[in-house]
Amino acid sequence: MASISRKSVWRSAVVLLGTVLWCSLPAMAGEEYGGIPKPDSHQVNWLSRHQAAAKENLTECQACHTNQMFCADCHQRRDTVQERVHKRNFRVFHSIQARANPRRCDACHTVSYCQECHAGRGTSKR
Amino acid sequence: MISRQSVLSALLTAAVLFPLAASADRLSFDTTLLGQGREDENNVGEFPFNGYLGLQYSRPGWWNLSSETNMRLFRDWKRGWDDYDLYQAVVHVTPGEIVQIDFGRQFLSQGFTTDLVDGLKLTIRPPWPVEFTTYSGIPRTVERGDFNDFSGTGNGNDGLLSGLSVRIKEIPRTNLQLHTAWRKANIRVGDLRENDAVLVGADASVSLGGAWKPLLYGVSEVNTTGKVMETGTLGLDLYPRSWASFNLEFDYFNTDRNFARQSILELLADGRILSGSIGSTWTLIPDFLEMTESYSLQNITVNGGNRRNGHLLEVAFPITFDSIGLDIGPGYYFSKSFGGDLHGLRIAAHERFNEKWDADLGFDVTTYDKVTGDNDNAFSTVLWTGYEILKDLKLAAGFEFNKNNLFDRDIRGSFKLQYNYGFDI
């Protein structure tokens with residue numbers, strides 16, 4: 001696959017960022033979201049069981065979670081700086097929890113993710 | 001090196017976005033710079049630096065046009081690593097009252113699995129009690145790089161995912177959706193046994209009515225080509241009082257072990273998983289003290305047809321001091337499986353000092369015994385504090401100290417700069 005130099009990417013990003021900021025100079029306003037209370041369903045076990053609700057009626061989820069990045073943030077984004085889904089020490093004992101319910105791992109991870117690290121070819125997604 | 005296709009797809013979205021911005025109704029922008037200094041197990045320095053960028057615009061008067069894109073640029077200044085992730089670059093258009101088109105890289109959750117797909121989704125909402133959603137695209141994962149080769153052929157082929165969902169509406173107190181999907185591991189190969197999977201599924205929930213507001217829900221997913229039921233779920237929510245909520249759920253999981261795209265379940269289990277779980281939330285003292293608990297028991301078929309149980313338990317006591325803006329969450333967690341067992345205690349505190357300044361502090365201690373004989377304790381403490389230096393511009397600093405069997409002393413310093421704004425034109 002053809003690749004592009006790092007310098008070009010950073011240059012493009014700077015141009016993009018500068019353009020956005022220039023366009024935004026005339027007016028800036030923060031955006032506020034209404035204080036919509038959480039539904040009853042979110043009160044208990046929601047993290048482990050929200051897949052059923054999303055599969056039944058995704059439109060209902062999107063009434064509050066309008067941007068798909070809300071879902072991708074856990075399911076796709078990898079972040080080795082902040083603690084998010086897993087705490088810092090999860091790496092040293094995840095073998096126990098993975099074997100308690102391996103199906104849970106599949107919600108966010110691919111097999112190659114595990115294999116690359118266990119084969120010594122690098123840690124998690126940087 | 002960063003792939004040209006990833007960068008071009010993001011820039012294409014931006015190129016579409018900005019000419020329209022001159023007459024767009026709403027444009028929003030958010031960016032986060034996130035960096036950390038740390039050392040690896042060999043005391044080699046690492047300095048990961050992440051630049052997150054999110055852009056959203058909407059123009060309701062023009063076919064209800066809207067678009068979102070989110071991406072990450074990564075650079076490790078010490079190790080000389082670069083990376084790029086495109087989480088989404090999607091355009092939504094509603095050319096008519098009953099048709100919505102979403103195209104580009106988008107997060108797809110239409111039954112079965114969640115996927116990041118480069119493709120097209122079409123939603124049709126006719127004036128009938130039914131809604132159709134059809135989609136097709138190439139499934140991606142940014143976990144190890146945007147473009148992968150799950151087929152193992154070396155052709156950089158992520159396969160294909162297509163499907164149809166039918167939502168039945170206007171059934172009182174009921175949600176019902178039927179799904180079918182066709183997944184190809186290698187887009188160029190046709191093989192209904194190893195390369196192609198045809199899935200059918202149904203998901204439903206019924207609100208039964210009554211003082212306890214019971215909600216019954218179920219999921220059923222079958223891999224027809226692999227002749228295996230992959231998911232079966234039956235659950236019940238109960239809300240007997242304003243201060244008590246319960247959830248009970250039973251699950252069946254399995255997978256087609258002949259399919260070319262392997263799953264983690266397949267790695268760790270030789271057969272089906274049966275699972276039962278119970279969760280509850282209690283308001284012990286209103287506006288002050290709650291208790292939450294979640295327990296699940298799994299029976300897993302491991303190698304040789306043997307079966308082992310797995311246990312997962314979490315209990316927490318969120319405490320709120322509204323008058324001083326303090327939230328504290330002490331908790332206990334326990335896991336046991338054929339991999340060993342562990343016990344843990346954690347406490348997290350969030351303090352909002354004023355409108356601009358807040359802080360988070362967490363402690364976590366775990367003791368574990370693995371079947372490999374690796375028995376140890378792990379400790380972690382994390383502190384973050386942030387201040388809004390200008391409207392919608394927040395600067396935060398973080399500190400970590402961790403001790404485990406990989407690090408006798410793991411010290412990390414972090415920073416985060418966030419800026420977001422939106423404006424009407």
Side-chain angles (χ1 to χ4, degrees), chain A residues 1-4 6 9 12-13 16 19-20 23-24 27-31 40-41 43-45 48-49 52 54-58 67-69 71-72 75-78 80-83 87-89 92-93 95-103 105-107 109-114 116 125-126, chain B residues 1-4 7 14 21 29 34 36 48 68 70 74 82-83 87-88 107 109 111 114 116 141-144 175 177 203 205 217 219 233 239 245 247 253 262-265 268-269 273 279 281 294 298 310 312 335 337-340 342 364 366 368 378 380 392 402 404-405 414 421-423:
Chain A
M1 176 181 300
S3 52
I4 196 167
R6 181 179 70 239
V9 171
S12 300
L16 181 65
T19 306
V20 170
C23 291
S24 71
M28 291 187 185
E31 186 168 281
D40 286 339
S41 57
Q43 304 302 325
V44 56
N45 258 0
S48 60
R49 68 178 195 84
K55 290 174 180 178
E56 292 158 20
N57 187 0
L58 191 63
N67 192 327
Q68 295 172 351
M69 189 59 201
C71 312
H75 284 276
Q76 290 285 334
R77 186 166 80 90
R78 301 291 171 258
T80 64
V81 174
Q82 299 173 107
E83 293 183 316
K87 295 296 181 184
R88 187 65 71 204
N89 289 323
V92 299
F93 53 72
S95 59
I96 299 172
Q97 292 179 317
R99 285 164 174 78
N101 189 349
R103 176 63 172 74
C105 309
D106 281 318
H109 295 294
T110 59
V111 166
S112 60
Y113 181 82
C114 313
E116 287 291 301
K125 177 77 171 177
R126 286 133 196 207
Chain B
M1 299 295 276
I2 299 171
S3 74
R4 175 180 293 174
V7 177
F29 164 86
L34 181 65
Q36 187 173 76
E68 296 97 41
N70 288 83
F74 170 90
D82 296 298
D83 207 347
Y87 303 112
Q88 64 173 348
F107 186 83
S109 177
T114 59
L116 208 57
T141 173
V142 301
E143 194 165 52
R144 293 295 304 177
N175 288 314
Q177 187 148 212
D203 311 291
S205 68
Y217 62 92
V219 173
T233 295
Y239 308 93
S245 309
N247 167 254
F253 299 117
Q262 198 179 26
S263 64
I264 297 173
L265 186 158
L268 299 176
I273 297 176
T281 298
S294 172
Q298 284 69 232
L312 293 164
S335 294
S337 70
F338 61 98
L342 65 87
D364 196 343
T366 313
Y368 58 90
S380 173
D392 297 322
N402 309 300
N404 51 54
N405 70 345
S414 314
Y421 68 87
F423 60 96

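The chains referred to below are lettered A, B, ... by the order of the sequence lines, with proteins before strands, and numbering in each begins at 1. Worth saying up front: this structure is predicted, and the values here are computed from it rather than measured.
Counting only heavy atoms from C-beta outward, the side chains of B/Ile273 and A/Pro102 approach each other to under 4.5 Å. Contact of the B/Gln88 side chain with the A/Gln68 side chain is registered, since non-hydrogen atoms from C-beta on lie closer than 4.5 Å. The side-chain heavy atoms of B/Leu34 and A/Gln82, taken from C-beta on, include a pair separated by under 4.5 Å. Contact check for A/Val92 versus B/Tyr368: side-chain heavy atoms found under the 4.5 Å cut-off. At a threshold of 4.5 Å between non-hydrogen side-chain atoms, the residues B/Gln262 and A/Ser112 do not count as touching. Between A/His109 and B/Ile264 the shortest side-chain heavy-atom distance falls below 4.5 Å. A/Asn45 places none of its side-chain heavy atoms less than 4.5 Å from the side chain of B/Thr281. Counting heavy atoms from C-beta outward, A/Met69 and B/Glu68 have side chains that stay 4.5 Å or more apart.
Here the closest heavy-atom approach between residue B/Ser380 and residue A/Glu83 is recorded as OG-OE2, 3.9 Å. In plain terms, the two heavy atoms of A/Ala52 and B/Tyr217 that are nearest each other are CB-CD1, 3.8 Å. Between A/Lys55 and B/Gly111 the shortest heavy-atom distance is CG-CA, 3.9 Å. For A/Leu58 against B/Ser109, the heavy-atom pair with the smallest separation is CD2-O, 3.7 Å.
Side chain of A/Glu56 to main chain of B/Asp203: no donor-acceptor pair is present (N/O by atom type, distance under 3.5 Å, no hydrogens or angles). Between the side chain of B/Gln298 and the main chain of A/Asn101, no donor-acceptor pair closer than 3.5 Å is present.
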Open item on the list: Could you walk me through whether A/Asn89 and B/Thr366 satisfy the side-chain hydrogen bond (donor to acceptor under 3.5 Å, both in side chains) test, starting with their C-alpha distance in whole Å, then the side-chain angles of each, then the deciding distance to 0.1 Å, before giving a yes or no?
Closed with: CA-CA 8 Å; A/Asn89 289 323; B/Thr366 313; 5.4 Å; no
Task: Audit row: B/Tyr87, A/Cys71, side-chain contact (heavy atoms from CB on, under 4.5 Å) steps and yes/no - done: CA-CA 10 Å; B/Tyr87 303 112; A/Cys71 312; over 6 Å; no
TODO: Quick one: do A/Gln43 and B/Ser245 satisfy side-chain hydrogen bond (donor to acceptor under 3.5 Å, both in side chains)? Show the steps, please.
DONE: CA-CA 7 Å; A/Gln43 304 302 325; B/Ser245 309; over 6 Å; no
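Both the backbone and the side chain of A/Ala98 come within contact range of chain B, each with at least one heavy atom under 4.5 Å from a heavy atom of that chain. Both the backbone and the side chain of B/Ser294 have a heavy atom closer than 4.5 Å to some heavy atom of chain A. Both the backbone and the side chain of B/Asn247 come within less than 4.5 Å of a heavy atom in chain A. The contact between A/Cys114 and chain B is made entirely by side chain atoms (from C-beta outward), counting heavy-atom distances below 4.5 Å.
One finds the CG atom of B/Leu116 at 4.5 Å from the CD atom of A/Gln76 (value rounded to the nearest 0.5 Å). With rounding to the nearest 0.5 angstrom, the SG atom of A/Cys105 is 7.0 Å from the CG atom of B/Leu268. Going from atom CD1 of A/Ile96 over to atom OG of B/Ser337 covers 6.5 Å, rounded to the nearest 0.5 Å.
Here A/Arg49 is the residue among A/Arg49, A/Gln97, A/Lys87 with the most heavy-atom pairs under 4.5 Å with chain B.
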